[in-house]
Structures are given as structure tokens and as C-alpha cells.
Undergrad: 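For reference, the structure I am asking about is given below.
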Amino acid sequence: MTQPASSAVRIDVWLWAVRIFKTRSQAAEAVRAGHVKLNGEAVKAAAQVVPGDHVRVWKDHRYMEFDVTATVRKRVGAPIARQCYVDVSPPPPPMDIFASMPKRDRGAGRPTKKERRETDRLLGRGR
């Protein structure tokens, strides 16, 4: 069994290696899009991750937060991957929130201002 190394690794490689993203290109795209924050700041894909860093990822319509405990360069199995970080993510939103969102018929056009405000209010983005 391979033990995780503890040296600096690119953030896109680390996200792929510990199975946060299925492919490295998906991880790199998320970093480029600004969905990944390292210690509270948006970074480029080449940014180095070391143990002790805090990584925040926007994925699947929610934030996932990790404290890095070890770094790996190669993709590892799930049991070893879980040893490389501590998941400090907030609990996912209840599924009834998504079920209560208004649905639009396909091809019905853009939502009206009233419909958009209702959607924002349900998602907690409204005032």
C-alpha cells in the first residue's frame, strides 16, 4: 500500500488524485472557472497545495471544504484518498428545496422578473 507523500502538488492534480473530480481536466476547468479557492483566494491550476492548506470547491450546486492533511501526485483508491483530507463541508441543502423550486415547461422562454425573484428567494439569494 502506497503512503501519501507530503510535498507540494498542483491543486488540479491534488483534486483529481483524491477523487474530488473524476478527471484532471474537470479539476483544471473548475480551477480556471474560479470554483476552487485555496486558503480563501482564487488561484490558477498550477498553484501548489501543501498539508495544512484549506481548499473550498463549488461542485454539484454546493460548497465542499477540505483541510489538506497529505498530498499525492497519482490518483489513489478511495480509502487512501480520504486520508489526504478532512472534510469540513457544511451539510448539503435538503432535497425538498430543489423539489419546491418552480418548474418551467421546456421552450417556455426566459423567466419573468417575478418568476426569477421567486426562484432567487427560494435559493436564499434574495433580499
Undergrad: Which heavy-atom pair separates A70 from P51 by the least distance, and what is that distance?
TA: CA-CG, 4.2 Å
Undergrad: So, for W16 and F21, is the gap between ring centers shorter than 6.0 Å?
TA: no
Undergrad: At their closest point, which heavy atom of W14 faces which heavy atom of V72, and how far apart are they?
TA: CD1-N, 4.0 Å
Undergrad: Within the distance-only criterion (no hydrogens, no angle test), does the side chain of T71 pair as donor or acceptor with the backbone N or O of V50 below 3.5 angstrom?
TA: no
Undergrad: Minimum heavy-atom separation for C84 and V18, please, with both atom names.
TA: CB-CG1, 3.6 Å
Undergrad: Of all heavy-atom pairs between V9 and R73, which one has the smallest distance, and what is that distance?
TA: CG2-CG, 4.0 Å
Undergrad: So do R116 and R121 actually touch side chain to side chain, heavy atoms under 4.5 Å?
TA: no
Undergrad: Do you know the tightest heavy-atom contact between E115 and T112?
TA: OE1-N, 2.9 Å
Undergrad: To the closest 0.5 Å, what do you measure between CD1 (I20) and CD1 (I11)?
TA: 10.5 Å
Undergrad: Is the shortest side-chain N to carboxylate O distance from R62 to D60 below 4.0 Å?
TA: no
Undergrad: At what distance, to the nearest 0.5 angstrom, does CD1 of I80 lie from NZ of K74?
TA: 14.5 Å
Undergrad: Within 45° of the axis and under 6.0 Å from the centre of the six-membered ring of Y63, does NZ or CZ of R56 qualify?
TA: yes
Undergrad: Would you give me the side-chain donor-acceptor pairs under 3.5 Å for residues 34-46, sequence neighbours excluded?
TA:
residue : atom : partner : partner atom : Å
K37     : NZ   : G34     : O            : 3.1
N39     : OD1  : H54     : N            : 2.8
N39     : ND2  : D53     : OD1          : 3.1

Undergrad: For R24 and D12, what are the C-alpha separation, side-chain angles and deciding distance, and is it a side chain to side chain contact (heavy atoms under 4.5 Å, CB included)?
TA: CA-CA 6 Å; R24 183 170 170 198; D12 60 339; 3.5 Å; yes
Undergrad: Atom CG in D87, atom CE in M64: separation rounded to 0.5 Å?
TA: 6.5 Å
Undergrad: Closest approach of A78 and R19, non-hydrogen atoms and distance?
TA: N-NE, 3.7 Å
